[in-house]
Amino acid sequence: MRRSDPHLAARVGLWLGVAFGLCFATGLLSHAAQHPPGWFTWPTRPVSLYRITQGVHVVSGVAAIPLLLAKLHTVYPRLFQRPVVGSVRHALERGSVLVLVGAAFFELVTGLFNAAQNYPWGFFFPPAHYAVAWVAVGALLVHVAVKLPLWRAAPEPRRATLSRRGFLLTTGGAVAVAVLATAGASVPWLRRVSVLATRSAALPVNRTAAAAGVRRVGDGWRLRVGAREFSLAELAALPQTSAELPIACVEGWSASARWTGVPVRDLLALAGLPVGDVRVESLERDGLYRASTLPAAHAEDPLTLLALRLDGAPLPLDHGYPCRLIAPSRPGVLQTKWVTSLEVR
């Protein structure tokens with residue numbers, strides 16, 4: 001197999017394009033679910049929708065790593081050809097490759113660090129990751145537009161020491177190993193074989209009560225819903241709903257649990273409030289996710305709960321005691337813990 005085999009490079013590039021496309025599309029969905037524009041509504045069904053889309057996002061990103069390395073291997077000698085720029089088309093090709101490779105490595109490396117919840121940089125990950133994704137896709141589209149006529153006209157390669165099929169099988173095997181080794185955090189039935197997955201089947205905690213500055217909840221705690229207040233005992237005395245719902249986080253991990261609590265729409269009705277977008281406030285005093293906005297579609301859903309119990313036991317403090325929000329098909333960072341007020345906006 002010659003590194004400059006254009007047909008092989010095109011085949012690997014196609015696989016890489018599919019992985020990048022899936023990763024980009026599901027990343028856009030995740031961004032829209034967390035920061036919905038006015039025209040966008042994230043659905044509440046199926047209840048595992050966000051779990052699925054974010055799992056695909058992380059798995060396709062992992063698969064893209066060996067594919068990107070294989071792609072670079074197939075074109076490596078051409079990156080050092082002279083002249084550096086021979087024409088306008090050549091300049092566009094070189095420029096798009098430079099931007100694409102840089103943006104792709106940035107996305108994949110920072111994505112891996114984010115999955116491990118390790119942030120050795122000074123910028124905020126979500127907006128940087130989102131912005132550079134657009135740069136990578138733009139460079140990819142320019143590269144495809146410039147190279148497509150050349151791929152169609154490329155001659156068949158000469159015989160080589162490693163066959164095209166052998167290289168593709170090796171690349172596919174590397175992708176399979178990478179996915180199987182890491183995807184267990186996103187795909188529950190792969191947990192037993194995912195030796196590098198960072199999450200177990202137990203319900204994880206991203207932000208502990210101590211980290212959030214919530215060290216103790218006294219007997220004077222009250223939930224404010226509009227102009228009405230509820231004590232914990234009053235909430236527990238209301239009709240309760242139980243539901244099996246997943247927590248799915250942007251890092252890719254997900255886990256299901258059985259939650260029991262009061263539907264948000266019932267609390268709004270008791271307080272004489274109409275169902276609409278609901279601002280959910282936390283006891284947490286600081287932090288980007290100390291409050292969230294619950295869209296009207298979720299507020300109206302009977303499975304959107306202010307949960308008081310987790311798997312039949314009172315909520316642990318780290319999981320949001322005395323009550324937390326849990327809603328179907330919603331990013332984990334927006335499932336606000338230590339809830340103290342609900343206000344219809």
Requested in this report: Measure the spacing between CG of Leu294 and CD of Gln335 and express it to the nearest 0.5 Å.
Outcome: 8.5 Å

**Report entry** Working for side-chain contact (heavy atoms from CB on, under 4.5 Å), residues Leu308 and Thr260
**Finding:** CA-CA 6 Å; Leu308 308 177; Thr260 301; over 6 Å; no

**Report entry** Stepwise salt bridge (charged side-chain N to carboxylate O under 4.0 Å, His left out) test for Arg45 and Asp301
**Finding:** CA-CA 10 Å; Arg45 295 291 190 280; Asp301 193 292; 2.6 Å; yes

**Report entry** Check: Val264 main-chain N/O paired with Thr304 side-chain donor or acceptor under 3.5 Å
**Finding:** no

Report summary line: Nearest heavy-atom approach of Pro328 to Thr44 is CB-O, 3.5 Å

Requested in this report: Give the minimum heavy-atom separation between Ser256 and Glu244, together with the two atoms involved.
Outcome: CB-OE2, 3.7 Å

Query raised in the report: Could you walk me through whether Tyr119 and Thr110 pass the side-chain contact (heavy atoms from CB on, under 4.5 Å) check?
Result: CA-CA 8 Å; Tyr119 306 100; Thr110 58; over 6 Å; no

Query raised in the report: Taking C-beta and beyond as the side chain, do Tyr50 and Ile247 meet within less than 4.5 Å on heavy atoms?
Result: no

Query raised in the report: So how far is it from Arg265 CZ to Thr241 OG1, rounded to the nearest 0.5 Å?
Result: 8.5 Å

Query raised in the report: Considering only heavy atoms from C-beta outward, does the side chain of Trp221 approach that of Cys323 to under 4.5 Å?
Result: yes

Requested in this report: Indicate yes or no: at least one non-hydrogen side-chain atom of Phe105 is less than 4.5 angstrom from one of Leu68.
Outcome: yes

Query raised in the report: Got more than 12 heavy atoms from elsewhere within 6.0 Å of CZ, Arg11?
Result: no

**Report entry** Leu238 with Val280, same ILVMFWY side-chain cluster at under 4.5 Å
**Finding:** yes

Requested in this report: For the pair Phe167 and His73, name the ring-plane relationship: parallel under 30°, tilted 30 to 60°, perpendicular over 60°.
Outcome: parallel

Query raised in the report: Any donor-acceptor pair under 3.5 Å linking the side chain of Ser48 with the backbone of Arg51?
Result: no

**Report entry** Between CG on residue Leu49 and OG on residue Ser329, distance to nearest 0.5 Å
**Finding:** 4.0 Å

Query raised in the report: Between the side chain of Thr336 and the main-chain N/O of Val339, is any donor-acceptor distance below 3.5 Å?
Result: no

Requested in this report: Take Arg258 and Ser242 through the side chain to side chain donor-acceptor pair (under 3.5 Å) test and state the conclusion after the steps.
Outcome: CA-CA 7 Å; Arg258 188 155 189 83; Ser242 293; 4.6 Å; no

Query raised in the report: So, the side chain of Ser96 versus the backbone of Leu92: is there a donor-acceptor pair under 3.5 Å, distance only?
Result: yes

Report summary line: Residues Val99 and Ala139: closest non-hydrogen pair is CG1-CB, 3.8 Å

Query raised in the report: Any ion pair linking Glu281 and Arg290 (charged N to carboxylate O, less than 4.0 Å)?
Result: yes

**Report entry** Check: Gln117 side chain, Asn114 main-chain N or O, donor-acceptor pair, under 3.5 Å
**Finding:** no

Query raised in the report: With the 4.5 Å side-chain cut-off for hydrophobic clustering, are Val135 and Val101 part of the same group?
Result: no

Report task. Examine Leu67 and Leu69 and state if one hydrophobic cluster contains both, with Ile, Leu, Val, Met, Phe, Trp and Tyr joined whenever side-chain heavy atoms are less than 4.5 Å apart. Result -> yes

Query raised in the report: Is it the case that more than 12 heavy atoms not belonging to Asn118 sit under 6.0 Å from its CG atom?
Result: yes

Query - Any Leu223 side-chain heavy atom under 4.5 Å of Leu235 side chain - result: yes

**Report entry** Residue from Phe113, Tyr130, Phe125, Phe123 passing ring pair (Phe, Tyr, Trp, His ring centres under 6.0 Å) with Phe106
**Finding:** Phe123

Report task. Please report the closest heavy-atom contact between Val250 and Val58, naming both atoms and the distance. Result -> O-CG2, 4.4 Å

Report task. For the pair Trp253 and Asn206, evaluate side chain to side chain donor-acceptor pair (under 3.5 Å) and give the outcome as yes or no after the intermediate values. Result -> CA-CA 10 Å; Trp253 64 262; Asn206 264 16; 3.2 Å; yes

Query raised in the report: Any ion pair linking Arg345 and Glu343 (charged N to carboxylate O, less than 4.0 Å)?
Result: no

**Report entry** Connected via hydrophobic side-chain network under 4.5 Å: Val225 and Val217
**Finding:** yes

Query - From CG (Leu268) to CZ (Arg228), nearest 0.5 Å - result: 12.0 Å

**Report entry** Flag, side chain of His57 to backbone of Cys23, donor-acceptor distance under 3.5 Å
**Finding:** yes

Query raised in the report: With distance as the sole test, does Arg309 use its side chain to make a donor-acceptor pair with the main-chain N or O of Gly261 at under 3.5 Å?
Result: no

Query raised in the report: Can you list the steps and then say if Val262 with Leu270 is a side-chain contact (heavy atoms from CB on, under 4.5 Å)?
Result: CA-CA 11 Å; Val262 185; Leu270 287 171; 5.8 Å; no

Query raised in the report: Which pair of non-hydrogen atoms, one from Arg216 and one from Gly218, has the smallest distance, and what is that distance?
Result: NH1-CA, 3.8 Å

Query raised in the report: Counting distance only, does the side-chain N/O of Trp259 pair as donor-acceptor with the main-chain N or O of Leu245 below 3.5 Å?
Result: yes

Query raised in the report: Rounded to the nearest 0.5 Å, what separation is found between the CG atom of Asp266 and the CD atom of Gln240?
Result: 10.0 Å

Requested in this report: Show your reasoning for whether side chain to side chain donor-acceptor pair (under 3.5 Å) applies to Asp318 and Thr208.
Outcome: CA-CA 5 Å; Asp318 281 343; Thr208 65; 4.7 Å; no

Report task. Measure the spacing between NE2 of His298 and CG of Leu325 and express it to the nearest 0.5 Å. Result -> 9.0 Å

Report task. Taking the side chain as every heavy atom from C-beta outward, state whether Leu303 and Val47 have any pair of such atoms under 4.5 Å apart. Result -> yes

Report task. Kindly determine whether Glu284 and Lys337 satisfy salt bridge (charged side-chain N to carboxylate O under 4.0 Å, His left out), including the steps that lead there. Result -> CA-CA 8 Å; Glu284 185 176 359; Lys337 299 192 284 189; over 6 Å; no

Query - Main-chain N/O of Thr340 paired with Arg224 side-chain donor or acceptor, under 3.5 Å - result: no

Query raised in the report: For Tyr321 and Leu283, what are the C-alpha separation, side-chain angles and deciding distance, and is it a side-chain contact (heavy atoms from CB on, under 4.5 Å)?
Result: CA-CA 10 Å; Tyr321 176 86; Leu283 287 171; over 6 Å; no

Query raised in the report: Hey, are the side chains of Phe230 and Leu306 touching, using non-hydrogen atoms and a 4.5 Å cut-off?
Result: no

Report task. For the residue pair Asp277 and Val344, establish whether any side-chain heavy-atom pair is separated by less than 4.5 Å. Result -> no

Query raised in the report: Can you name the closest pair of heavy atoms from Ala296 and Val275 and give their distance?
Result: O-CG1, 3.8 Å

Query raised in the report: Taking a hydrophobic cluster as the set of Ile, Leu, Val, Met, Phe, Trp and Tyr residues connected by side-chain heavy atoms closer than 4.5 Å, whether directly or through intermediates, do Leu317 and Ile326 fall within one such cluster?
Result: yes

Query raised in the report: Any side-chain heavy-atom pair from Tyr289 and Gln34 closer than 4.5 angstrom?
Result: yes

Query raised in the report: Short question: side chain of Gln54, backbone of Ile52 - any donor-acceptor pair under 3.5 Å?
Result: no

